[in-house]
Amino acid sequence: MRLSKYFIPTIKENPSEAQIVSHRLMLRAGMIRQSSAGIYIWLPMGLLVLNKIAQIVREEQNRAGAIEVLMPTIQPAELWQQSGRYDAYGKEMLRITDRHDREMLYGPTNEEMITDLFKNAVKSYKDLPLSLYHIQWKFRDEVRPRFGIMRGREFLMKDNYSFDLNFESAKASYNVMYVAYLRTFARLGLVAIPVRADAGAIGGDLSHEFQILADTGESTLYYDKAIESFDLSSLIGDIDEQTLAKLQSFYAMEEEKHDADNCPVAPADLKTAKGIEVGHIFYFGTKYSEAMGAKVTGPDGKEVFVEMGSYGIGVSRLVGALIEANHDENGIIWPEAVAPYKVGLINLRFKDESCTAACDDLYQEMQKLNIDVLYDDRDAGAGSKFADMDLIGLPWQVVVGPKGLEKGVYELKNRRSGERVELSRAELLDKLG
RNA sequence: CGGGGAGUGGCGCAGCCUGGUAGCGCACCUGUUUUGGGUACAGGGGGUCGCAGGUUCAAAUCCUGUCUCCCCGACCA
């Protein structure tokens, strides 16, 4: 993509309303613009990242055997009246009335809808286990939205729902998601700590929150430092009971539940850190199936309420969490897996014909080789181009100017390490290809 | 929901106390200049000062109401 023909409205000064670094950088790097409190427009750079994250989440869900569907954002109140949550959910639910005075709502989550779907479509134990997910916008009318997209009112979530015949099977489904989540966050280059959580009002006894370590996190965690050194690559492939048991035996608690006096981890092995919750998984049994009448006929011919679990990943929140975990004073530092572009090509001297010709040529060659490149071909000063490119945070920068061209070299800069090397054109293309 | 703060060109702000034809920096446009980390100079465009009402000869400025946004806390699959 040529920057001169693109739309990345960067901002030089820090917007006054943005307090935390990911919010500031997303605004400054032209990824988002605010529409109203907790509601954002996703600009091209933000959307590219959002989609890349969603795709990784999707691939890992599919790998775990989940099946993608797409449920609507607008739901009928009737379903929520059946589950009993229509009144219980309170003001966080955005309620809407249509032209026929029917009560509707903008979905904050989809247990009711998926349970209703299941009830109408599945009748036999032979169709179990079943795991359905979608990646859809949610709306929760938070009292105080803040931190940009990290706690917005409208947000993109992957939510998954499992249906099983009995507890043993449900627990296996839960564990499949547990592993899929660790694998997903590992692919994003994040250290995610699975923290035991209260299933709370939602009921059930199996629940974990997945917390990304970042200084600006909202929760304080205490955990066994052995978790950090656990080899996540061992999770690729089938789930090994022992590995899983080991993983789940690691100690990790939120501050409120951490009891220093009775902690099983030796003080020397205990670490504390701030975390951002990016995922939450629950087993909740028959809470919704009973309320809404979702039954299957078992092998013995008797009807039983289906066992359920739900599993959420905050896809849009992950964009912010990734920035919290990957930035410096100059801007964002994208991990390659989610970078909007892999390479930024900087033409230092637009008005120098041979320099521009060399850049144009290199750009075309990169496109031929399928190197994902953003080409800064604007007629602007070198300083502002460097500053913008650092701000946007593409993993690699190729700097082309008359000085280098005289020597026949191109400069390649690694955004994360800051390391610069001078390469020939062939070496450069080989390295990036 | 409790407490605090703010609404003045796209962004960051001054002006308000002490009413008198709206200003600065950045950004933008034109020209010249410059060019390896946000170059310099000159010229230019853009704002009914959140909205509504009131006081006054006169309101960004004073008064009343209202909306929105932000921060702290509480809350939060």
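Note that these values count all heavy atoms, side chains included, but never hydrogens, waters or copies made by symmetry.
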What's the gap between [N] and [M] when it is taken at their [atom1] atoms, as a whole Å value?
N	M	atom1	result
U66(B)	G2(B)	P	14 Å
G53(B)	G7(B)	P	22 Å
C67(B)	A52(B)	C1'	10 Å
G20(B)	U39(B)	C1'	42 Å
G44(B)	U35(B)	C1'	24 Å
A6(B)	C16(B)	P	15 Å
C49(B)	U8(B)	C1'	4 Å
G4(B)	G54(B)	P	30 Å

Quiz item: Does NZ belonging to K119(A) count more than 12 external heavy atoms closer than 6.0 Å?
Solution: yes
Exercise. Give a yes/no answer on whether the side chain of S16(A) brings an N or O atom under 4.0 Å of OP1 or OP2 in C13(B).
Key: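 The answer is yes; a side-chain N or O of S16(A) sits under 4.0 Å from OP1 or OP2.
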Would you kindly give the [atom1]-to-[atom2] distance between [X] and [N], to the nearest whole Å?
X	N	atom1	atom2	result
E329(A)	G37(B)	CD	C1'	13 Å
R24(A)	C11(B)	CZ	C1'	15 Å
E92(A)	C1(B)	CD	P	13 Å
F386(A)	G36(B)	CZ	P	9 Å
R85(A)	C76(B)	CZ	P	15 Å
D379(A)	U39(B)	CG	P	12 Å
R378(A)	A27(B)	CZ	C1'	13 Å
I41(A)	G10(B)	CD1	P	14 Å

Pair partner, [N] [Watson-Crick or wobble, under 3.5 Å]:
N	answer
U61(B)	none
A6(B)	U68(B)
G31(B)	C41(B)
C13(B)	G23(B)

Under 4.0 Å, heavy atoms only, any strand: does [X] hit a base, just the sugar-phosphate, or nothing?
X	value
K413(A)	base
D388(A)	base
E411(A)	base
K385(A)	nothing
T109(A)	base
E13(A)	base
A37(A)	sugar-phosphate

Exercise. Establish, for the pair R95(A) and Y89(A), whether the NZ or CZ atom is under 6.0 angstrom from the six-membered ring centre and no further than 45 degrees off its axis.
Key: no
Quiz item: In terms of side-chain geometry, is the basic nitrogen of K351(A) or D379(A) positioned less than 4.0 Å from the acidic oxygen of its partner?
Solution: yes
Looking only at side-chain atoms of [X], point me to the closest of [options].
X	options	result
A387(A)	G38(B), C13(B), C69(B)	G38(B)
R144(A)	C70(B), G73(B), G36(B)	G73(B)
R420(A)	G12(B), G38(B), G37(B)	G37(B)
S384(A)	G37(B), U34(B), G38(B)	G38(B)
I11(A)	C11(B), G73(B), U35(B)	C11(B)
K403(A)	G36(B), U33(B), G73(B)	G36(B)
Q19(A)	U35(B), G38(B), C71(B)	C71(B)
V143(A)	C1(B), G37(B), U35(B)	C1(B)

Between the base of [N] and the side chain of [X], is one N or O donor paired with an acceptor at under 3.5 angstrom?
X	N	answer
K12(A)	G10(B)	no
N14(A)	G12(B)	no
R146(A)	G73(B)	no

Quiz item: Is it true that F155(A) and Y40(A) have ring centroids separated by less than 6.0 Å?
Solution: no
Practice problem: Taking the six-membered ring for Trp and the single ring otherwise, decide whether the centroids of Y283(A) and Y174(A) are under 6.0 Å apart. | Solution: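 No, the ring centres sit 6.0 Å or more apart.
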Self-check item: 5'-most by nearest nucleotide on RNA chain B - H23(A) or A382(A)
Solution: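 Nearest nucleotide further toward 5': that of A382(A).
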Quiz item: If each of G312(A) and A18(A) is mapped to the nucleotide of RNA chain B with the nearest heavy atom, which maps nearer the 5' terminus, i.e. the 5' end?
Solution: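 Checking each residue's closest nucleotide, the 5'-ward one belongs to A18(A).
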Exercise. Sort out for me which residue in N62(A), N160(A), D159(A) forms a side-chain hydrogen bond (donor to acceptor under 3.5 Å, both in side chains) with Y133(A).
Key: N62(A)
Quiz prompt | Residues Q55(A) and R58(A): side-chain donor-acceptor under 3.5 angstrom | solution = yes
Self-check item: For Q364(A), side-chain hydrogen bond (donor to acceptor under 3.5 Å, both in side chains) partners two or more places apart
Solution: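 For Q364(A), no residue satisfies side-chain hydrogen bond (donor to acceptor under 3.5 Å, both in side chains) once neighbours in sequence are set aside.
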Quiz item: Between the main-chain N or O of D377(A) and the side-chain N or O of K385(A), is there a donor-acceptor pair closer than 3.5 Å?
Solution: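 A pair under 3.5 Å: no.
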